[in-house]
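A short worksheet on the structure shown next.
In what follows, every heavy atom counts, from backbone to side chain, and hydrogens, waters and symmetry copies are set aside. Each chain gets a letter, A, B and so on, in the order the sequences are listed, and its residues count up from 1.
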There are 2 protein chains.
Amino acid sequence: MAGRAAVPEVIWARPERTGRGPKPAYSRRDIVDAAVRIADADGIDALSMRRVAAELGCGTMSLYNYVPRKEDLYELMVDAVSGEYELPEEPSGDWRADMTGIAYQTRAIMYRHPWLARVMTTAYGYSPNALRFLEWCLGCLVPLDAPPGLKMQLIAMVNGTVMATVANEQAMAERARGLPWSEEEEQAVRGAYLMGQVASGRYPHLAGLLAEAPAAPADPEEIFALIIARLLDSFDPGAKGQPLSGEPFTEA
Amino acid sequence: MAGRAAVPEVIWARPERTGRGPKPAYSRRDIVDAAVRIADADGIDALSMRRVAAELGCGTMSLYNYVPRKEDLYELMVDAVSGEYELPEEPSGDWRADMTGIAYQTRAIMYRHPWLARVMTTAYGYSPNALRFLEWCLGCLVPLDAPPGLKMQLIAMVNGTVMATVANEQAMAERARGLPWSEEEEQAVRGAYLMGQVASGRYPHLAGLLAEAPAAPADPEEIFALIIARLLDSFDPGAKGQPLSGEPFTEA
DNA sequence: CCCCATTACGTACGGCGTACGTAACTACGA
DNA sequence: TCGTAGTTACGTACGCCGTACGTAATGGGG
């Protein structure tokens with residue numbers, strides 16, 4: 001009659017254990033760590049319940065004592081890496097500096113865990129570490145005189161922008177193997193398509209752009225810094241009108 | 001000896017047919033349209049090769065005559081819906097207006113095809129319609145005096161921002177079923193967790209925010225307009241310093 | 001002390017992407 | 001004109017996947 005719960009609950013509300021029965025051989029954290037390890041090493045597509053069980057040396061179905069569904073595992077993974085933020089005791093008082101730091105930390109985390117972008121779009125909820133993160137951001141934004149809704153929007157935009165930027169970088173890197181300015185010419189087949197299209201004359205502006213800047217794009221580091229700065233500017237009442245210098249993009 | 005190609009090619013370089021053999025019963029477009037129809041109706045997770053074949057009334061493996069791998073099907077789907085942009089013959093000359101229009105079109109497309117956000121992170125390349133889109137954007141940005149790299153960045157940022165915004169909206173809507181201010185109180189179990197956490201006193205800022213603005217967030221329409229305007233501002237040399245009014249977020 | 005909630009986990013089911021083989025068909029070179 | 005080679009259609013099958021379910025072992029609470 002007891003049976004397994006029909007899992008209408010949020011994973012965070014489900015207690016890890018209840019005290020009766022044999023001692024669990026693992027903890028929820030063990031499973032999640034193993035999953036993160038696998039996803040880091042071999043990509044998110046290589047992550048399966050069987051693989052996690054193998055990594056831990058237990059039967060596949062044992063995992064379901066700790067994690068009700070694979071989807072919940074994703075959520076736990078996102079929460080786990082969200083715990084990697086190093087948040088000082090107190091905000092610095094300079095909300096721009098604090099949020100910039102957050103953006104850089106987010107980017108670092110996404111570099112460490114390239115699967116995050118893919119997973120976060122589906123599995124980002126009010127996990128404990130997400131609440132911790134949100135709380136800290138709101139603390140940083142106390143000096144900013146703005147209504148709460150706007151602050152939430154700012155936080156979401158910083159997160160989303162970092163995610164979009166990194167996802168774009170990663171997609172670029174993935175695609176770079178087919179670009180004509182790639183390392184080797186061996187699979188010029190892929191690049192040939194693009195160049196053929198551009199050479200067709202149907203895309204004059206794009207052709208001009210490629211002619212002007214045929215090399216790889218500028219230092220992503222500078223681009224990232226500029227983007228975040230611009231974003232924060234747009235929320236900053238005291239931001240000075242930037243002169244819009246595009247130099248960093250071409251000279252580097 | 002002929003066999004099937006080892007698919008090192010980009011899908012766009014592969015011709016649809018070569019002229020020999022029996023007439024194909026379908027076109028690549030037929031398959032892609034069916035796939036889009038399925039994903040629109042039942043979600044991207046319901047999309048399988050078997051399902052597409054069933055929709056078309058043919059054998060599953062027949063599809064592989066048109067689409068070498070499922071991953072390519074995703075790419076074709078993204079390209080197909082990218083064809084939904086209505087791009088006038090000539091840019092208006094007002095690049096801000098043009099890019100704002102693009103942002104709204106992108107959002108409309110993402111509303112029509114909620115699976116886009118999930119798929120675009122993996123399957124966004126130099127498809128024909130992507131090139132068409134890029135070319136048109138570059139045409140719009142001719143009046144903007146900026147180096148090519150910056151223009152590309154602007155386009156990517158507009159796209160990324162729209163995507164992040166819509167993805168966030170969709171995740172919110174998905175998650176809204178568990179929020180305390182949801183339609184019904186029936187599954188208050190989920191919301192109870194969040195409220196319990198907030199009530200624990202560990203998240204004073206968040207608690208304050210929820211206390212101030214307990215209702216649903218402001219009109220997404222206004223938020224979207226403001227975000228895009230701010231983003232374009234940050235690239236606009238002649239942008240007037242906005243007074244940062246947060247009113248639209250609270251009064252609505 | 002013993003009962004039963006809980007853990008571990010083997011088996012099995014339905015679904016997936018897709019490799020491969022076969023048969024029917026048609027455009028082209030002889 | 002006619003083989004024949006290249007294509008299309010598609011059934012079968014393999015090795016994955018998530019996970020429902022049943023069984024045996026375990027150990028804390030009444």
Side-chain angles (χ1 to χ4, degrees), chain A residues 1-8 11 14-31 34-35 38-39 42-77 119 122-123, chain B residues 1-8 11 14-31 34-35 38-39 42-77 119 122-123:
Chain A
M1 186 53 63
R4 298 156 199 272
V7 282
I11 180 74
R14 165 181 290 229
E16 180 143 8
R17 18 171 336 194
T18 47
R20 205 64 154 266
K23 286 182 183 169
Y26 311 97
S27 70
R28 195 179 275 174
R29 188 57 201 251
D30 290 333
I31 277 87
I38 292 168
D42 296 342
I44 193 69
D45 290 327
L47 180 71
S48 71
M49 298 304 271
R50 284 168 170 84
R51 177 83 189 270
V52 174
E55 176 95 2
L56 260 56
C58 70
T60 306
M61 293 314 291
S62 304
L63 300 179
Y64 286 88
N65 287 314
Y66 304 88
V67 176
R69 304 185 316 273
K70 197 195 184 186
E71 190 184 329
D72 291 315
L73 182 57
Y74 288 143
E75 219 157 326
L76 289 164
M77 290 169 70
V119 165
T122 56
Chain B
M1 186 52 62
R4 298 156 197 274
V7 279
I11 179 74
R14 164 182 290 231
E16 182 143 6
R17 22 172 331 195
T18 47
R20 206 66 154 264
K23 285 180 185 171
Y26 311 97
S27 71
R28 196 180 273 173
R29 188 58 200 251
D30 291 333
I31 277 87
I38 292 169
D42 295 344
I44 192 70
D45 290 326
L47 180 71
S48 70
M49 299 303 270
R50 284 168 168 83
R51 177 80 189 272
V52 173
E55 176 94 3
L56 261 55
C58 69
T60 306
M61 294 315 290
S62 304
L63 300 179
Y64 286 88
N65 287 314
Y66 305 89
V67 177
R69 304 186 314 274
K70 197 195 182 184
E71 189 184 328
D72 291 316
L73 182 58
Y74 287 142
E75 219 157 325
L76 289 164
M77 288 169 72
V119 165
T122 56

Worksheet entry | Short side-chain to backbone donor-acceptor contact, B:Glu16 and B:Arg28, under 3.5 Å | yes
Worksheet, complete the sentence: B:Pro24 meets the side-chain contact (heavy atoms from CB on, under 4.5 Å) criterion, sequence neighbours left out, with B:Arg17, B:Tyr66
Item to complete: With sequence neighbours left out, write down each residue that passes side-chain hydrogen bond (donor to acceptor under 3.5 Å, both in side chains) with A:Arg50, or none if nothing qualifies.
Response: none
Practice prompt. Please work out if A:Ala25 contacts a base, only the sugar-phosphate, or nothing of the nucleic acid, heavy-atom cut-off 4.0 Å.
Written response: sugar-phosphate
Response to the item:
Whole-Å distance, A:Lys23 NZ to D:dT26 P, equals 14 Å
Fill in: With sequence neighbours excluded, residues passing side-chain contact (heavy atoms from CB on, under 4.5 Å) with A:Ser62
A:Cys58
Worksheet, complete the sentence: Those residues at least two apart in sequence (or on a different chain) that pass side-chain contact (heavy atoms from CB on, under 4.5 Å) with A:Ala46 are A:Asp42, A:Arg51
Worksheet entry | For atom CG of B:Asp45 and atom P of D:dC17, their distance in whole Å | 17 Å
Item to complete: Measure from CG on B:Leu63 to P on D:dC10 and round the result to the nearest Å.
Response: 10 Å
Item to complete: Indicate whether OP1 or OP2 belonging to D:dT8 is found under 4.0 Å from a side-chain N or O atom of B:Ser62.
Response: no
Worksheet, complete the sentence: Between CG of A:Asn65 and P of C:dA5 the distance, given in whole Å, is 15 Å
Worksheet item: Any side-chain N or O of B:Tyr26 under 4.0 Å from OP1/OP2 of D:dA9?
Response: no
Report, one pair per line, the protein and nucleotides 15-18 of chain C atoms (nitrogen or oxygen only) whose separation is under 3.5 Å.
unit_1	atom_1	unit_2	atom_2	d
C:dC16	OP1	B:Ser48	OG	3.0
C:dG17	OP1	B:Lys70	NZ	2.7
C:dG17	OP2	B:Met49	N	3.0
C:dG17	N7	B:Arg50	NH1	2.6
C:dG17	O6	B:Arg50	NH2	3.0
C:dT18	OP2	B:Tyr64	OH	3.1
C:dT18	OP2	B:Lys70	N	2.9
C:dT18	O4	B:Arg50	NH2	3.3

Worksheet item: A:Arg28 CZ to C:dA8 P: how many Å, rounded?
Response: 14 Å
Worksheet item: Mind checking what makes side-chain contact (heavy atoms from CB on, under 4.5 Å) contact with A:Ala35, not counting sequence neighbours?
Response: A:Leu47, A:Val52, A:Leu73, A:Met77
